[in-house]
Colleague: 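First, the structure itself, so that you have it in front of you.
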Amino acid sequence: MRKTCCISALILIFVILSSAIGFSAETPKSKEVVYSLNVWDGKDYAAPFYPSAYDTIYVMADYENVYSVKETLVYYWPLTREYMADWDGLNKDVGETIEVLKGNEIIGTYKKVDYVFYYPKGYWGGGTQLFTGDKAKEKKKEYDQAVNKYWKEVEAYYQAYEKYNKEVEEFYQNIQEGKPAGKIPQEPAPPTAPTFYVTDISKAYVFSLPPGQYTIRTKDKNEEIIPGTVKNLIAFSHRREGIGYNIIPESKWTYPEVADDSSEIVYQYREGTLYFQPYKEWEFNELYYNKLSKPQSPGRSDRWIWVHMDPVSNVKLRIYSGDSIFSEIRNRPYYVEQVPGSALGYNIKLLDRKENPYGMADFSAFKFSVPPTGDYKLVTIDSKGDIIENSDRYIRPITVTDARNIFIASLGPLIIGLVIYIIRRVGR
Amino acid sequence: MIRTENLCKKYEKVEAVKDLSISVEPGEIYGFLGPNGAGKTTTIMMILGILKPTSGKILVFNKDLYSDYFGIKRRVGVVSEVQYLYEDMTAYEYLSFFCDIYNVKNKKEKIEELLHKVDLYDRKDDLLGHYSRGMQQKIGFVRALLNDPELLILDEPVSGLDPTGIREVRDLILEENQRGRTVFMSSHILSEVERISHRVGIMNKGRLVAEDTMENLRKKLSSEVEIELEVDNFDVEAEKRLESLSFVNSVTKEDGKYLVRVKADKDYRGDLVNFVSAIGGNLKEIRKREMSLEDAFITITEKNISLFSSGEVSE
Amino acid sequence: MSYRWTVIKSIMKREARSSFFSLGLYIAATIACLVSAFIFNTYINTVEGNNIMVMASPLNTPLFYAVIVAALYAAISSSTALSREKDRGTLEVLFYGPVDHLSVILAKFFEDIISFLIIMLLVTIYFAYAAITTNLGFSITYLYAIILSIFIASCMSSFGLWLSSLTARIRTSILLLIVVMGGLLGLQFLQNYILTLKPENLSLSMVYIMGIVSNILRVIKWVSPFSYLTDGINAVALGSVSMYIENMIGAIIYTVVLLTATVYTLKWKGVRKL
């Protein structure tokens, strides 16, 4: 028995030590052929890369995505538990063609094309668009022209400013000397930089696929498949479209809640005001969507998630009480006014452009003051007056009873049991 | 009613029942005798299908039990030595439950009739946990009779009962037998079996060492007969002459009487009377001493196993 | 079969009666309600604190815990069902009559499900009170969850019955249940932990060991009734119809296999009081 214990303890120590050694060992960089992608995630382009450890690529169907095949140095980064590429160490384009197969049948062969990303509101502004071929060149040219024009305007501005400085100097000198100074010189306006941005023209494989499961592989100029480039490819689409809501409670405006699914009920404490911000949303398979932007992300293939897209415009919210329309609400700008004095607090106020033309809104939303009783249903109505699918949410005021009642009632079964038990025993 | 052929039950190291062949005929009370551990209960459990025989054949109502399991079981009533009852149920609920299992029609009337019979009607709503051992035994009997069984299997039915309880149970068995039920009763209390059984099977160490009617069994078991003689004018010399007679095995003196053991091949009482008168003795009494089943049981199981196991007695 | 059904009904009725008149069932229901009460209280505190709470089916979380309690009661009750009767000798007496192994086991199984349903009925009455007084409301998923919970209970019950058939003493049964359930739960936690580990983090030897453990766990997943419980609750939470049906079918197969095993184990071990 003692011998068994000793052996067991030794095995345990060995296992712990071996795992500890495993954790502490530095993972070396290895040269690998990887797929580096720019994939549309419904809102923007994400940039995952697929080393040999991941055998399936996830992309959104019916959208053009960018595929690059690179030789690079891959290493595992234990802190974030993900694979990284040392692009600075090695970044070599490989391959001549990409082939996509459905089963054993090749359904697409793709060559590298020129492409750019167009950012209409600047690099961080979202709404990224992909252009390929001549359009990419046009966009790049448009951007270059805009930048050149801007630099010329900047040059002209500096010259005008230099001239302005001189005029200002002359103006003050004339005043000091008692000479007629004339009109005050007008300061030149600085030029506005281009608000959009276009990336440099690059070459990659750009194509879209209908929903389905495929095999992807890359061939070199000798038509040979490059080792490590054969992977599964899943092109997926959204299951449903709907409206999701950010809900700002008046009492805690910095802690908004989210109601993404029609099954979700908005519980409200007594009477209070809620501000709804509707968003367009798409429902994706959780596993696919998570893997799309980060191949190492976990997810469940049987779970579906709503992904917020852009806020919707030209809509109104309709509140139903039972089957009858209770009210219709429009989107309004609001600002938060801090309450001065010792009583800390704030008020959310409607921003009236007539009264306050220069005021800044903190947010815009659809305001609904929930009555203390009754259940309500909220839907979003589009510009044609139709209810948008999957936009309905129920709003219920919650009745906060004395919590003790909830606990006391939970003893009900025991009381029933005791009564039955006593009747049975006493009866005999 | 019951027939077993070469029935065997082996456990890992023990052979509980060996080559058991018995036959219980319709309408009889069959006493299944044997000391504790002889294999009686094992046999009953095999008949009821609760234990699986290692080999051999069992026929109940001339059928294999599993050819009509539910049908056969519905025609049998069983009372065991200890009544394992649901102590959280009242007598009525318990019996009603078994009526449901046996699918008994008019169960209320049936239960009440049987409870009246065993004088437990007034206690029908008491929890069985509050019943005495004797009352529990009676409830066991009532349960066994609920389905009007053609065959009653009783495993040590009077064990642990007081004399009154024993008498009541005995009367009940006889009554049920008179009503046409076949009774197969195991017991180690010989006097009880002797009193009511038509036929007896005796088990020892897993083997059936004897099976016959009471009368035949007694006859077969007795190789000698004891005769009591009360004689005057009988001296030592006369005693020696008596002992030297060819049919006399031995002579002993007990309380002034002579106990003469003679051969059992014929009735030697006449020869003894002649002998006493020939030597001038004054014969006051001559009496043949009967062998009880208990004597027979002891004889069989303790003394003459080798004799019977060779098949000289067992038929 | 028709006569066997009469027998099953009779035994089931007796067992149900016995459960109905004993306190165990009501204690289990009370524990289930009490656990739920804590969750309802958390809801109230959340809404009071944040003024808003968004939730799809607020009754599903307390129901999940209530089902765990009720299913555990089913497992405990069934794990002693046969051994208790064997221990007291009443099982042997049943077999004197027209009762066979299958009818006893099916009767015990159905009675367990009835007891489970009584607990869930009491829980539902309590939930109705809580839902009405707080205005949390019922959703259709509650019904789905209740329906699925019957299959989960059937897994737990058949598992308990099988354990019960292995033993002849109540104490041994309970001990066996605790050891086996504890072991299975422990393994399920281990499985969840292993799922969080990345092979890349581990040394080769550790990866090898993990591989073996993972394979064992994959098999155990089919044996443990808890996996059906968690999968079932997940199916309801995810609203996955395929997972829901898959879970139901899995639970039925599991139950049939376990009940068959129980019949054979009982035949092998015997019904006599030791």
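The model shown is predicted, which means the values in this text are computed figures rather than measured ones. Just so we're on the same page: letters track the sequence lines, and every chain starts at 1.
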Colleague: For Leu85(B), is it the side chain, the backbone, both or neither that has a heavy atom under 4.5 Å from a heavy atom of chain C?
Modeller: backbone

Colleague: Is it the case that the side chains of Ser83(C) and Glu85(C) hold a donor-acceptor pair, with the cut-off being a distance below 3.5 Å and no angle test?
Modeller: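 No donor-acceptor contact under 3.5 Å links the two side chains.
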
Colleague: Under a 4.5 Å cutoff for heavy-atom pairs, which residue among Asp100(C), Val7(C), Val271(C) has the most contacts with chain B?
Modeller: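 Highest number of pairs under 4.5 Å: Asp100(C).
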
Colleague: Are Phe116(C) and Tyr73(C) near enough that their ring centres are under 6.0 Å apart?
Modeller: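 Ring-ring flag for Phe116(C)/Tyr73(C): false, centres at least 6.0 Å apart.
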
Colleague: Should the pair Lys138(B)-Glu168(B) be classified as a salt bridge under the 4.0 Å nitrogen-to-oxygen rule?
Modeller: yes

Colleague: With a 4.0 Å cut-off on N to O distance, would you call Lys86(C) and Glu92(C) a salt bridge?
Modeller: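 Glu92(C) and Lys86(C): not salt-bridged.
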
Colleague: Between Arg84(C) and Asp87(C), is there a salt bridge with N-O shorter than 4.0 Å?
Modeller: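 A salt bridge is absent here (no side-chain N lies under 4.0 Å from a carboxylate O).
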
Colleague: So for Lys13(C), is it side chain, backbone, both, or neither that comes closer than 4.5 Å to the heavy atoms of chain B?
Modeller: side chain

Colleague: Between Phe98(B), Tyr86(B), Phe97(B), who has the most heavy-atom pairs with chain C when the cutoff is under 4.5 Å?
Modeller: Tyr86(B)

Colleague: Can you tell me which portion of Leu91(C) sits under 4.5 Å from chain B's heavy atoms? Options are side chain, backbone, both or neither.
Modeller: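 Neither part.
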
Colleague: Highest number of heavy-atom pairs under 4.5 Å with chain C: which of Ile50(B), Ile153(B), Val82(B), Ile44(B)?
Modeller: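 Sorted descending by pairs with chain C, the first entry is Ile50(B).
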
Colleague: Can a side-chain donor-acceptor contact be found between Ser186(B) and Asp155(B) if the only test is distance below 3.5 angstrom?
Modeller: yes

Colleague: Given heavy-atom pairs under 4.5 angstrom as the criterion, report whether the side chain, backbone, both or neither of Asn103(B) touches chain C.
Modeller: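 Both backbone and side chain.
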
Colleague: If I measure from the heavy atoms of chain C, does Arg75(B) come under 4.5 Å with its side chain, its backbone, both, or neither?
Modeller: neither

Colleague: If you count heavy-atom pairs under 4.5 Å with chain C, which of Arg74(B), Arg143(B), Met89(B) comes out on top?
Modeller: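 Maximum pair count with chain C is reached by Arg74(B).
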
Colleague: Closer than 4.0 angstrom, basic N to acidic O: yes or no for Asp64(B) and Lys57(B)?
Modeller: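 A salt bridge is absent here (no side-chain N lies under 4.0 Å from a carboxylate O).
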
Colleague: Is Tyr69(B) in contact with chain C via its backbone, its side chain, both, or neither, using a 4.5 Å heavy-atom distance?
Modeller: side chain

